[in-house]
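The block underneath contains the structure these notes are about, expressed in structure tokens.
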Amino acid sequence: MSDEPQPQQPHPGWAKREPQAAGDGRTGQPGAPGTPGTSEKAKKPKRPKRTGWRRLIPTWRIALSTVVVGLLLIVGGFFLGYHLVQIPAANALATKQSNVYLYADGSVLARDGEVNRESVSLARISKDAQHAVLAAEDRDFYTESAIDPMAMVRAGWNTATGKGKQSGSTITQQYVKNYYLAQEQTVTRKVKEFFISIKLDREKSKNEILEGYLNTSFFGRGAYGIQAAAQAYFGVDAKDLTAAQGAYLASLLNAPSQYDVVAHPENRPAAEARWNYVMNGMVDKGWLSASDRAAAKFPKPKQSTVSTGMSGQRGYVVNIVKKYLIENGIVDEEELGRGGYRITTTLQKDKQDAFVKAVDDKLMSQLDKKERKVDSYVRAGGASVDPKTGKVVAMYNGIDYVKQYTPNAVRRDFQVGSTFKPFVFTSAVENHSETQSGQTIDPNTRYDGTSERPVQGWTGGRYAPENEDHRDYGHVTVREATDKSINAVYAQMAVDVGSDKVKQTAIDLGLSKNTPELTPSPSIALGVATASPLDMAEAYATLANHGRHGTYTFVEKVMKDGKQEVELPERREHQAVSREAADTTTSVLRSVVQNGTATAAQAAGRPAAGKTGTAEEDTAAWFAGYTPDLATVVAVMGQDPKTAAHKPLYGAMGLARINGGGAPAEIWGQYTRNALEGEPVSDFDLQLQDGADVTAPPSGDASDEPGDGDESGSGEADEDATGDEDGSGSATPGDSGGSTPPGDGGGTESDPPSTGGGTPSTGGPSTEPGPTGGGDSGGDDSSNGGTGPGGGDTDGAGGGDTGTGFPGIPVTPGRQ
């Protein structure tokens, strides 16, 4: 074998390719004749360029790409928006409600709050009203999704063809707009509305959404929600709306102000057309029969009333009931401020109206503020309580809340005067008390009624109260002393019983233990305490209820948001004083109406018991009385409208003085007659103290000549006498020139038979109009037209610590 390199054999099937010149004529090569190749393609005619309007039309490739990209963006945007947009908290307007205050019969008394809305559950909206709204706004609500594009098209078509304007949004969308969003017409709001509606439809039931929509929609006349609208247009609750009424309210949703046929009678044809559209829609959906549709007539809304807010008695009642709810732990103050409460009070509309009319007829209409300045001082307050239930059925607080803010029925700054005396006698019977000579106190017990006689047995200092007009009565029975409201007798009786026991009896009957000036001293008998008319009505109701006491109540029922009933405290009743003590007091007070200072109360036309009273310097006159069915207290008060100072009422109504037996008793008589009209007349069923059923013969009235006075004859107090329980040395309440504070136990003479005190020594009565401290002015014990200021306490303050327990009560100088 040769050592030279051998030539390599080509790989099988492979041959070296030599480069060929273009167009060398080889078959199969580009450029070769008869062979398709690059040269032929180059010769193919080009597609002409698009010119003119054709350039504006996209090719199918561009169109397809655009559609695909657009769909991807839409789908992506939907999912992005769905996840980014969250269901927000409700807007402030949607949740804001008023609190609604109702009379006992369910009629509206007042509303508070800026927004007239009362949310109610769907169950408290009539089916007819529900169907009417669906027929007007979204007939396929229960079967459609939250977003219905066809609804928008349908709405446009109906509007264009004259079938009535219909919203393009579903009820779900409208609810979202009302409850979660604002009302502005912007793209952003629409986008949010879209996504929130879809989410809400997945989270809430159709009934919940419909309920929310009906409670948030605006119906005109300031009414938000169908409950407020039902009251505003027809004076009924939403649950009582008929199909015709519901259709009218549903029509208002499109144009609340324009379709109010009372405010805009010229738009009645349009309103009726819309109403017919709704009614026909209800028939089409099977919600209303054809016969009922044919019988239905276009309803007549009531006249629109301008909102009076808190005027008249409303403002007083709202504030008093609010305070009651908060203080009794029924509703928290903050929660009450948020609104949404439906509060049924115990006030009865007919009785409330009767009270207002009686005050107007017997007092306010008799005033002439232009001619008599004193008439501008006149105020009135009162309260009426059902003795058996403790329910406050009527109140009078003032002529108008927006003119006189102070609620006179609950203020505690005017002395109650002689209306307190029955509590002294009740305590005497309850405690089996005896006179200084050891005789049991009953209606026939005789006391010395000499004006300014010092009380016996009192160790706190000399006390010698003056009777009205310095009159001496000699020895009189307790019944006579009550008829004539003799101060000397009752001051002595308070000492005989024990003034601390008298105080406790008053509290047991119903007075607050915090009542200003309710202090144990002889003056307690003459009504220096400043309880409110409502306090006194509660106490007198206990007497009317045979001594059984239960705290008064203002509230029957409280509902929150129309669904949740708020629990009320259980009312407890107990025997505060024995039936014998209460009933014997009633028998004595019946005589006051029949024969004493309160004969004007006979106008009630029913068996009645009561007592008159007057504050110091005639700054207030009272009548407190009751029948077996109703206990009512009326007070006429004097107050300067600018300074709030207590003012005497001398000359008011053109009379020398206003006494408890005058305007207060007359108001009581008219009110009681009208308040109980139509109810059977009941007589008192009394169980009396032994011997009280026999009335002792009356003693002859003593002359009006000056009678025996105190030992010194001057009526002046001992310098070191305190008269105060704490021995502070302050003057006795009502001290004015020549007055005698609670004494030093000064009576030294022995008691004459059948009297509750010692025989007074000689000495003439004081001639000053304001003698002894703590005494009643006596103005309650004569008819109107009496002469000048009577005797009694004349500290000039007419008040004391306000102690009203109610904000806004002016403070007057306290008793010193």
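Fair warning: this is a prediction, and the values are worked out from it, not measured in the lab.
Here the CG atom belonging to Leu214 is positioned 12.0 Å from the CD1 atom belonging to Ile209, to the nearest 0.5 angstrom. Taking CG of Leu534 as the reference point, atom CG of Asn397 lies at 9.5 Å (rounded to 0.5 Å). Rounding to the nearest 0.5 Å places OH of Tyr396 at 10.5 Å from CD of Gln352. Here Tyr213 contributes atom OH and Thr170 contributes atom OG1; the two are 10.0 Å apart, rounded to the nearest 0.5 Å. Note: Ile226 CD1 to Ile125 CD1 = 5.5 Å, rounded to the nearest 0.5 Å. One finds the CD atom of Glu211 at 8.5 Å from the OG atom of Ser205 (value rounded to the nearest 0.5 Å).
In this structure, the side chains of Gln231 and Val236 stay at 4.5 Å or more apart for every pair of heavy atoms. Here the side chains of Tyr405 and Asn319 are in contact, with some heavy-atom distance below 4.5 Å. The side-chain heavy atoms of Arg379 and Ile399, taken from C-beta on, include no pair separated by under 4.5 Å. Using a 4.5 Å cut-off on side-chain heavy atoms (C-beta onward), Lys369 and Val378 make no contact. Looking only at side-chain heavy atoms (C-beta outward), Ile326 and Val331 stay at 4.5 Å or farther from each other. Taking 4.5 Å as the limit, every side-chain heavy atom of Glu144 sits out of range of all side-chain heavy atoms of Arg139. A 4.5 Å side-chain heavy-atom check between Phe234 and Leu249 finds at least one atom pair inside the cut-off. Between Val634 and Phe355 the shortest side-chain heavy-atom distance falls below 4.5 Å.
Within the 3.5 Å criterion, the main-chain N or O of Gly381 finds no donor-acceptor partner in the side chain of Asn408. Side chain of Glu118 to backbone of Val100: no donor-acceptor contact under 3.5 angstrom is found. A donor-acceptor pair under 3.5 Å is formed between the side chain of Gln245 and the backbone N or O of Thr242. Between the side chain of Asn674 and the backbone N or O of Ala354, no donor-acceptor pair lies under 3.5 Å. For Asn267 (side chain) and Tyr259 (main-chain N/O), no donor-acceptor pair under 3.5 Å exists by modelled atom type. Counting only distance, with no hydrogens or angles, the side chain of Gln313 and the backbone of Asp400 share no donor-acceptor pair below 3.5 Å. Side-chain atoms of Thr553 come within 3.5 Å of backbone N or O of Val555 as a donor-acceptor pair. Of the possible polar contacts, none joining the Asp292 side chain to the Leu288 backbone as a donor-acceptor pair under 3.5 Å is found. The closest donor-acceptor contact from the side chain of Thr345 to the backbone of Leu102 lies under 3.5 Å. Looking only at distances, no side-chain donor or acceptor of Asn215 sits under 3.5 Å from a matching main-chain atom of Gly225.
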Legend entry - side chain to side chain contact (heavy atoms under 4.5 Å, CB included) assessment of Thr346 paired with Val393: CA-CA 6 Å; Thr346 57; Val393 297; 5.7 Å; no

Inset, instruction - Go through the steps to decide whether Asp361 and Gln670 satisfy the test side chain to side chain donor-acceptor pair (under 3.5 Å), and finish with yes or no. - result: CA-CA 9 Å; Asp361 289 349; Gln670 177 177 318; 2.9 Å; yes

Inset, instruction - Apply side chain to side chain donor-acceptor pair (under 3.5 Å) to Gln258 and Arg274, showing your working. - result: CA-CA 12 Å; Gln258 294 180 22; Arg274 179 66 175 168; over 6 Å; no

Inset, instruction - Check step by step if side chain to side chain contact (heavy atoms under 4.5 Å, CB included) holds for Leu210 and Gln130. - result: CA-CA 8 Å; Leu210 179 60; Gln130 294 178 41; 4.1 Å; yes

Inset, instruction - Tell me, with the steps shown, if Arg293 and Asn276 meet side chain to side chain donor-acceptor pair (under 3.5 Å). - result: CA-CA 9 Å; Arg293 167 67 183 96; Asn276 285 323; 2.9 Å; yes

Inset, instruction - Determine, step by step, whether Phe298 and Val261 satisfy the side chain to side chain contact (heavy atoms under 4.5 Å, CB included) criterion, reporting the C-alpha distance in whole Å, the side-chain angles of both residues, the deciding distance to 0.1 Å, and the verdict. - result: CA-CA 11 Å; Phe298 186 77; Val261 296; 4.1 Å; yes

Inset, instruction - Quick one: do Ser365 and Asp360 satisfy side chain to side chain contact (heavy atoms under 4.5 Å, CB included)? Show the steps, please. - result: CA-CA 6 Å; Ser365 64; Asp360 289 344; 5.7 Å; no

Inset, instruction - Give the C-alpha distance, both sets of side-chain angles, the deciding distance and a yes or no for side chain to side chain donor-acceptor pair (under 3.5 Å) between Asp128 and Ser126. - result: CA-CA 5 Å; Asp128 283 335; Ser126 72; 5.5 Å; no

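Of all non-hydrogen atoms in Ser384 and Tyr671, the two that sit nearest each other are OG-OH, 2.8 Å. Of all the heavy atoms in Tyr142 and Asn207, the pair that sits closest is OH-OD1, 2.6 Å. Heavy-atom minimum distance, Ala238 versus Gln227: N-OE1, 2.9 Å. For the residue pair Asn99 and Gly340, the shortest heavy atom distance occurs at OD1-N, 3.3 Å. Taking both residues in full, the closest heavy atoms of Ala383 and Ala537 are given as O-CB, 3.7 Å, listed atom of the first, atom of the second, then distance. Annotation for Val278 and Ala247: closest pair CG1-CB, 3.8 Å, computed over non-hydrogen atoms.
Between Trp287 and His131, the two ring planes are parallel [angle under 30°; tilted spans 30° to 60°].
Contact check on Lys560 versus Glu567 returns no salt bridge, with no Lys/Arg side-chain nitrogen under 4.0 Å from an Asp/Glu carboxylate oxygen. A salt bridge links Lys285 with Asp140; the closest basic N to acidic carboxylate O contact falls under 4.0 Å. Checked for salt-bridge contact, Asp375 and Lys370 miss the test: no charged N lies under 4.0 Å from a carboxylate O. Between Asp260 and Arg221, at least one side-chain N (NZ, or NE/NH1/NH2) sits under 4.0 Å from a carboxylate O, which counts as a salt bridge. By the 4.0 Å N-to-carboxylate-O rule, Glu677 lies too far from Arg673 to be salt-bridged with it. The residues Asp353 and Lys357 are annotated as not salt-bridged, no charged nitrogen and carboxylate oxygen being separated by less than 4.0 angstrom.
Annotation: cation-pi geometry satisfied between Lys206 and Phe141 (NZ/CZ under 6.0 angstrom from ring centroid, within 45° of ring axis).
Within a 6.0 Å sphere centred on CD of Glu333, heavy atoms belonging to other residues, nucleotides or ligands number 12 at most. Heavy-atom neighbours of Gln404 CD from other residues, nucleotides or ligands within 6.0 Å: above the threshold of 12.
By the side-chain hydrogen bond (donor to acceptor under 3.5 Å, both in side chains) test, Glu556 pairs with Lys391, sequence neighbours left out. By the salt bridge (Lys or Arg N to Asp or Glu O under 4.0 Å) test, Glu679 pairs with Lys351, sequence neighbours left out.
For Trp275 and Tyr248, the ring centers are positioned 6.0 Å apart or more.
Applying the ring pair (Phe, Tyr, Trp, His ring centres under 6.0 Å) test to every pair with at least one member in residues 318-340, sequence neighbours left out, gives these pairs: Tyr324-Phe554.
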